[in-house]
Each structure stands twice: as structure tokens, then as C-alpha cells.
Amino acid sequence: MSTSHAPAPLPRVPMLALAALVLISLISVAAVRWSGMSVHTPDAPPVATRLLRFEDRPDGSIAVIDAASGSLLERVQGEQGFLRGSLRALARERRMREVGALPPFELAARADGRLTLTDPATGARLDLESFGPTNAAVFARLLTLNKNP
């Protein structure tokens with residue numbers, strides 16, 4: 001004697017409750033987005049800032065220049081994937097807005113431990129700590145490199 005067992009139907013009331021929860025969540029998110037309300041946390045005050053310019057050199061290196069003094073802080077050679085990738089993203093934004101390479105970038109260490117690289121010329125911004133401590137350290141060292149007391 002063989003009996004086939006059909007799967008038990010899903011309970012109707014819990015399924016309707018889950019569907020209603022998903023629908024309410026989607027409507028709530030859409031309402032906040034369409035309202036224009038800002039959901040970003042305001043920046044903590046900077047504890048250290050530095051204006052930097054980055055120049056490509058013929059040998060493939062990148063010159064890191066203190067914009068205030070014009071002095072060469074460092075020549076970045078080799079792969080340096082995170083630094084190059086970050087600068088490439090900001091440079092692409094400058095090309096789209098037809099901004100040259102002359103305006104400096106602002107590197108800021110904030111009181112809450114965050115590190116940001118901002119392009120005042122375009123408004124583009126990278127929250128460097130989001131990429132992990134090793135990647136953020138690549139830029140963090142530029143804040144104190146050859147800095148006079």
C-alpha cells in the first residue's frame with residue numbers, strides 16, 4: 001500500500017503577516033528617500049588636516065606634494081593599488097566636471113577616528129576607514145610625513 005504525501009500547505013496568516021511586513025518596510029524606505037531627509041551622520045570635527053596634490057611622473061611614480069608649502073613629501077612607486085585606485089576614482093570625477101589637477105585634495109583625520117579624502121573642487125569624498133585599517137593607513141601616514149612641528 002503506497003500513499004503519497006503532499007506537502008503541507010503553508011499557514012496563510014503567518015505568510016500574510018510576513019508579506020505585510022516586507023511591504024511596510026519598502027514603503028517606509030521609499031518615503032524617507034523621496035522626502036529628501038538626510039540619513040547621514042554629520043562629520044566629527046577634524047583633528048588634523050592636510051591639503052595634498054598628487055602628480056603623475058614620467059617614471060610611473062606618483063608625487064605627493066604638500067599644497068601649502070609646495071614641498072615634495074613622497075614619491076609613491078610600485079603598485080600601491082589602494083592609493084592609485086582611490087586617486088583614479090577622484091581623477092575620473094574631475095575629468096567629468098572638467099576640473100584640472102591643480103586644486104588640492106583635503107585629507108582629514110576626524111575626532112571619531114574616521115579618515116576622509118575630499119576633493120573640494122568636485123565635492124567627491126572617500127571615507128577611507130571603510131576600506132579597512134591597512135588601506136586607511138596608506139593615507140594616514142601622509143598627515144604627518146615631513147611635517148614640521
(request) Just do the side-chain contact (heavy atoms from CB on, under 4.5 Å) check on Ile65 and Glu55 with the steps written out, would you? (result) CA-CA 8 Å; Ile65 299 167; Glu55 292 179 0; 3.4 Å; yes
(request) Under the side-chain contact (heavy atoms from CB on, under 4.5 Å) rule, what do Leu115 and Leu107 come out as? Steps first, then yes or no, please. (result) CA-CA 7 Å; Leu115 185 66; Leu107 181 61; 4.0 Å; yes
(request) Please work out which of the three classes, parallel, tilted or perpendicular, describes the rings of Phe82 and Phe139, given edges at 30° and 60°. (result) perpendicular
(request) Rounded to the nearest 0.5 Å, what's the gap from CZ on Arg141 to CG on Leu143? Could you check? (result) 11.0 Å
(message) Whether the side chain of Arg57 engages the backbone of Ala63 through a donor-acceptor N/O pair (distance < 3.5 Å, no angle test) should be reported.
(response) no
(request) Can you measure from CG (Leu83) to CZ (Arg88) and round to the nearest 0.5 angstrom? (result) 10.0 Å
(message) If you compare all heavy atoms of Ser69 against all heavy atoms of Ser71, which two are closest, and at what distance to 0.1 Å?
(response) OG-OG, 2.8 Å
(request) Identify the heavy atoms of Thr49 and Ala108 that sit nearest to each other, and give their distance. (result) CG2-CB, 3.8 Å
(request) Report the distance from atom CZ of Phe131 to atom OG of Ser86, rounding to the nearest 0.5 Å. (result) 6.0 Å
(message) As an exercise, state the distance from CG of Leu73 to CZ of Phe54, rounded to the nearest 0.5 Å.
(response) 9.0 Å
(request) Measure from the side-chain N and O atoms of Asp127 to the backbone N and O of Ser130, and report whether any donor-acceptor pair falls under 3.5 Å. (result) no
(message) Assess the residue pair Leu26 and Val22 against the criterion (side-chain contact (heavy atoms from CB on, under 4.5 Å)); give the C-alpha distance rounded to whole Å, side-chain angles, the decisive distance to 0.1 Å, and a yes or no.
(response) CA-CA 6 Å; Leu26 289 174; Val22 168; 4.2 Å; yes
(message) Restricting to non-hydrogen atoms, name the atom on Arg110 and the atom on Ala44 that form the minimum distance, rounded to 0.1 Å.
(response) NH1-O, 3.1 Å
(request) Decide whether Leu51 and Phe105 are clustered together by the hydrophobic rule: side chain heavy atoms of Ile, Leu, Val, Met, Phe, Trp, Tyr closer than 4.5 Å, transitively. (result) no
(request) Nearest 0.5 Å please: distance from the CG atom of Asn135 over to the CD atom of Glu129. (result) 11.5 Å
(request) Please answer: with hydrophobic residues joined when any side-chain heavy atoms are less than 4.5 Å apart, are Val64 and Leu72 in the same cluster? (result) no
(request) Give the C-alpha distance, both sets of side-chain angles, the deciding distance and a yes or no for side-chain contact (heavy atoms from CB on, under 4.5 Å) between Asp56 and Ile62. (result) CA-CA 5 Å; Asp56 290 325; Ile62 298 173; 3.8 Å; yes
(request) Return the minimal non-hydrogen interatomic distance between Arg75 and Asp59, and the atom names on each side. (result) NH2-OD2, 3.3 Å
(request) Quick one: closest heavy-atom pair of Leu102 and Arg94, and the distance? (result) N-NH1, 4.4 Å
(request) Please check if the side chain of Gln77 supplies one atom and the backbone of Ser61 the other of a donor-acceptor pair under 3.5 Å. (result) no
(request) Establish whether Leu52 and Val47 are linked, either directly or via other cluster members, by ILVMFWY side-chain heavy-atom contacts under 4.5 Å. (result) no
(message) Tell me the closest heavy-atom pair linking Asp43 and Arg125, and the distance in Å.
(response) OD2-NH1, 2.6 Å
(request) Answer yes when Asp119 and Arg97 have at least one side-chain N-carboxylate O distance shorter than 4.0 Å, and no when they do not. (result) no
